Structure formats: structure tokens, C-alpha cells
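Note that this is a predicted model, so its numbers are computed, not measured. We number each residue from 1, following the sequence as shown.
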Amino acid sequence: AAPTITIDTIGTDQIEASSSAVANIESGSSGVFFTCAEGEDCGSVTGLEIWQQTLTATAGDLSPNTLYGLQVKARNGDGVETAYSDSESVYTLAQVPTIGVNTLGSTSIILEAGNLSNVTDGSSGVYFDCTSENCDEGISDWVQASTDTVTGLTSNTLYTFRVKARNGDGTETDYTGEASLYTAANTPGEPTVTQLSTSSLNVVIDDSANNAAVTFALLELGTGQYVNKTTGALQVSEDWGTYAQWGESDGVDVTGLESGTLYTFLVKARNSDAAETAFSGTVGEYTALNAPTIGSPTALSGESIRWAFTDNEANEQGFRVYNLTDTPLVTCATPDLTYCDESELTPNTEYTRKVAAYNGGGTSAFSATATARTLAAVPSISGAVATNSTVDLTISMGSNPADTELVIQDEASGLYVDPSDGELVGSPVWATLSTIETNIGSQATNLAPNTQYSFRVMARNADAVETAFSDSLSLYTLANEPDA
């Protein structure tokens, strides 16, 4: 009768099997012959396929966690063989796996088992275990894969893991040694940037709920330089610091900047393993512009004033003129100017103005104020009516205010009309039109009969700046009536 086969011990690379008893196995050619089950290849397996007079055999050079079938036959002392026994199949043991950990994000870690064979066969599998607290979400089940992902973790927190395997028959290995890794830090939010002065900006980091051990580096995109958290200066190398070292909600003042210039900031974080996040979004802000220095204004006409200033800024787009209520009145959209002209003003009127520079980032502080008065407008004589000794003049003030003073001259004689009595005198006598009309009714008096006169008028503003004379109006006084 054929013997039976029993599996005695199993290893990762060998299986020890034994045959049932064979009578007088040591007599003649008696013996047993162990081999692989029918249809299986034993080509690389050692310790089989030899006739032996002992009842045990060890199949060696096997692969871990691999299913092997063994059978045995016997022969008597004359070499007559039995049939093969029924085969017995068994998996070799799985090797103790290795473990690797990789950060997937701030709340998850990828676990990877190595040193595995045939992990999808039979009851094979791997089991990842976290030895830290509150870190088993997504794992703690047997899986027939080399990786698994643990989720629900806290950012920048150290977690420790181990792994074990089992073979196709469900026989488990010991746990591997432990491996530890920090989760990633949360990617920071956009920083908050506030203008402080012509050379400084305040930047507050958004820590994005990272814990106190996370460090941050602050980059200025335009220069490609990093901010020094202690001095606020820009430098080539990264300067890492905790949220507390970056001033928490007070932030850090970035100094040594160019006036009127756009600076753009972004932040990255790193965890306690020095693994860095991506950068935050960008936020830009301009440093303040240097204010111009006001100069001495010049009245150009009765309707315009030139406001002079010194340009103290290299990065402005232009200048604006403001009144005392900070309302912009004139925009001169050209850099590097020394004046800005304001028009459509009222003659003989005092104006007080201030100037500021501007660009895409805003407006500078105001200059000091300056005051100027427009010139008076040239008045005119629109009509005249003569008698033999007087001329009644019709005078137009134009756009001048009522308190503008006038002087009336006879161009032919070079004499002036005295507004107190209407007579011609040698020196100009200034008076408002209302005074002239009240006193003399705009009438030149005590004139010679049948004589040509050419009257013209001039105005001056409150600063005594005179206009040109108007056009002259010429006419004769009437002749005296002849005696009867």
C-alpha cells in the first residue's frame, strides 16, 4: 500500500515532511521517495526526488509564501514501488515585512510594506498598525496590497507604525520594527500685507491652524529674496521661524524697500521633519510714495495758476492738485514733472492748493499748501455817450469779481479819470466799478467841446497785479451851440 505524507514544519524557504512507517525500510532496496505534487515543477527545489531510507525530508530553496504540494511513494527491498500518496499542499511562511512611510498630506500618511511575496494568494495579506494615539482610521484591517493609507491625522504630528504579514494559509509573521513620520504641515494661507511707509510694509503670516512647532519662510516674489524674521531685511537665503517668531498677529515689518514700489509676498511652511509645503497664494502691496515739496505758484492768467513743486519720487505715474478738503482738482498724468497747471478758475480770486504724487499703488502724502491769486481779467468799454463837456462810459467787468479795481484813461492825453469827480488827472486813481458808478456815474467831466477822446480801461487784482488796457473807444465831445 502507498504510504501517507504529513507536513511537519514550515519555514519561509523550506518544508519538512514525513512519510508513514514503511516496514523494513532499511532492507535491500527499500526506501521512500518525496517529490512535488503531480503537475508541479521541482526543478529548483532541493532535498527531494531521491530514494532514502529515512522517513523525513526537507524541501529547501523554496520561495516565501508560496503554495507547494508534496507526495511520497515507497518501494520494497526488491525495488518494487508503490503508487504515490495523496499530496499535501501548504504555503511556506511569509517573511517579516519591512515598512516604509510617506507623507501624503497634513492629515494622511501612506504606509508601504516591503519584502512581500504573493500577497494576493489565499489568505495572504498585510496588517498595518499605528502604535500612537488616534491614528487607526483607514487601516487596522488585513489588506492584500503592499500599501495602505491612514487618514484623519493631525498636521505636523509624529506617528509611529508597524506591519506584519500572513501567508496564504493565514499564518502570521511577527510585527516588523517601528517606523515614524510627521504628517505634513498645512499649506499657509495668503499673508496680510499693509503699507507702513515709503520704505516698509507689515506682513502677517496666516498659519492655517498649524501647531506651534511648524516653521515658515516668507518670500518676496519680485526680488526673489526672503524676509529675515528678526531684522525685516530681504536676503537671499531662507529664514525659517515659528508663527510666534514671525510676530503672530502683529507680523513683521519688512524694511529697506524702495518707495512707490509693488512688493509681492508668499509663504511656505515645513513640518518637524523639515518637509516643506507648497507656497501660499500671493499678496502684493505698494510702499508709500514720497510726497512732493510745494514751490511758489505763478498766476498765468485770470483763469489759470501754475502750481510748482519739487518731485521727490522716482516711481510715480503723475501728480494731482487738491483743495483744502482733499478733493482732487487736476491730474497731470506724467512722471518727473516740476509743475501742474490748474485752469477754469475765477479772475482775481485767491486759491490754496496742495500736491500729491500717485501711481498704481495709491497716493503719496500731501505736500504743504501754497496760495496764489489769479490775475484780473481785462475789462472793456462797450459804449459811450458824449455831450459838449462829458462822456458817459459803459464799462464791462467781464468775469472779474465786484471788488476788482479799475482805472480809466484817455489814451490821447495820457490822463486818467478821477473816480471822485470825473475830471482828468495826471496819475491813475483806482476804484471799483460800483464806486465809480456811485460817485460819477462812469462819466468823464469837464471835457473840451468838439474834442476827440480815446477812453480805455485797465483792472488789477488784489495783489495789485495789473492787466493790459482794454481796446480804446474814441469819440468827439459835442460842439457848443453858437451864440444867437
Side-chain angles (χ1 to χ4, degrees), residues 4-19 34-49 56-72 84-105 108-132 134-153 159-181 183:
T4 58
I5 189 169
T6 301
I7 303 299
D8 296 326
T9 59
I10 307 168
T12 57
D13 61 355
Q14 64 181 28
I15 298 173
E16 185 178 300
S18 61
S19 171
F34 292 89
T35 188
C36 293
E38 185 176 356
E40 295 187 16
D41 181 12
C42 282
S44 61
V45 179
T46 62
L48 300 181
E49 298 191 336
T56 61
T58 300
D61 289 342
L62 306 181
S63 299
N65 191 28
T66 301
L67 182 64
Y68 290 94
L70 300 180
Q71 58 186 0
V72 66
Y84 276 109
S85 67
D86 292 334
S87 64
E88 286 289 328
S89 295
V90 69
Y91 280 89
T92 48
L93 297 181
Q95 293 176 298
V96 176
T98 59
I99 187 169
V101 287
N102 295 288
T103 300
L104 181 61
S108 58
I109 290 176
I110 296 177
L111 306 175
E112 183 172 0
N115 207 28
L116 300 177
S117 299
N118 305 320
V119 71
T120 60
D121 288 357
S123 295
S124 301
V126 292
Y127 185 92
F128 293 100
D129 178 55
C130 181
T131 62
S132 306
N134 303 318
C135 56
D136 286 329
E137 186 175 330
I139 57 172
S140 296
D141 285 315
W142 286 96
V143 293
Q144 289 189 315
S146 61
T147 62
D148 206 356
T149 301
V150 56
T151 58
L153 305 178
Y159 293 97
T160 301
F161 301 93
R162 58 184 182 173
V163 66
K164 61 182 177 180
R166 66 184 181 189
N167 69 1
D169 289 326
T171 303
E172 299 178 10
T173 69
D174 293 330
Y175 276 108
T176 187
E178 295 179 335
S180 298
L181 184 72
T183 45

Without swapping roles, check the side chain of [X] against the backbone of [Y] for a donor-acceptor pair under 3.5 Å.
X: Q14; Y: D61; answer: no
X: D136; Y: S140; answer: no
X: S132; Y: T160; answer: yes

_Go through it in stages, so that I can follow the logic: the residues are T103 and L181, the test is side chain to side chain contact (heavy atoms under 4.5 Å, CB included), and I'd like the CA-CA distance, side-chain angles, deciding distance and then a yes or no._
CA-CA 8 Å; T103 300; L181 184 72; 3.1 Å; yes
State, yes or no, whether a side-chain contact exists between [X] and [Y] at a heavy-atom distance under 4.5 Å.
X: F34; Y: S19; value: yes
X: W142; Y: K164; value: yes
X: V143; Y: V119; value: no
X: T66; Y: Y91; value: no
X: D13; Y: P64; value: no
X: V90; Y: L67; value: no
X: T131; Y: E178; value: yes
X: L93; Y: D169; value: no

_Checking L62 against Y68 for the side chain to side chain contact (heavy atoms under 4.5 Å, CB included) test, could you report, in this order, the C-alpha distance in whole Å, the side-chain angles of both residues, the deciding distance, and whether it holds?_
CA-CA 9 Å; L62 306 181; Y68 290 94; 3.8 Å; yes
Nearest 0.5 Å, what's the [atom1]-[atom2] distance between [X] and [Y]?
X: R166; Y: Q144; atom1: CZ; atom2: CD; value: 7.5 Å
X: D129; Y: R162; atom1: CG; atom2: CZ; value: 4.5 Å
X: I110; Y: T151; atom1: CD1; atom2: OG1; value: 12.0 Å
X: E112; Y: N102; atom1: CD; atom2: CG; value: 6.5 Å
X: T173; Y: Y127; atom1: OG1; atom2: OH; value: 13.0 Å
X: Q95; Y: S117; atom1: CD; atom2: OG; value: 5.5 Å

For the residue pair [X] and [Y], what are the closest heavy atoms and their distance?
X: I15; Y: I7; value: CG2-CG2, 3.8 Å
X: G11; Y: T92; value: O-CB, 3.3 Å
X: T176; Y: T98; value: OG1-CA, 4.1 Å
X: T4; Y: S85; value: CA-CB, 4.0 Å
X: P97; Y: N115; value: CA-CB, 4.2 Å
X: S123; Y: G170; value: CB-N, 3.8 Å

*Mind running side chain to side chain contact (heavy atoms under 4.5 Å, CB included) on C36 and L48 for me, showing each step along the way?*
CA-CA 8 Å; C36 293; L48 300 181; 4.1 Å; yes
*Just do the side chain to side chain contact (heavy atoms under 4.5 Å, CB included) check on Y159 and V150 with the steps written out, would you?*
CA-CA 10 Å; Y159 293 97; V150 56; over 6 Å; no
_Under 3.5 Å side-chain donor-acceptor pair for E49 and T35_ = yes
*Short side-chain donor-acceptor distance under 3.5 Å, S124 and N118*: no
_Member of D141, I139, I109, V126 meeting the side chain to side chain contact (heavy atoms under 4.5 Å, CB included) criterion with D148_ = I139
*Within a reach of under 6.0 Å around CG of D86, are more than 12 heavy atoms found that belong to other residues, nucleotides or ligands?*
no
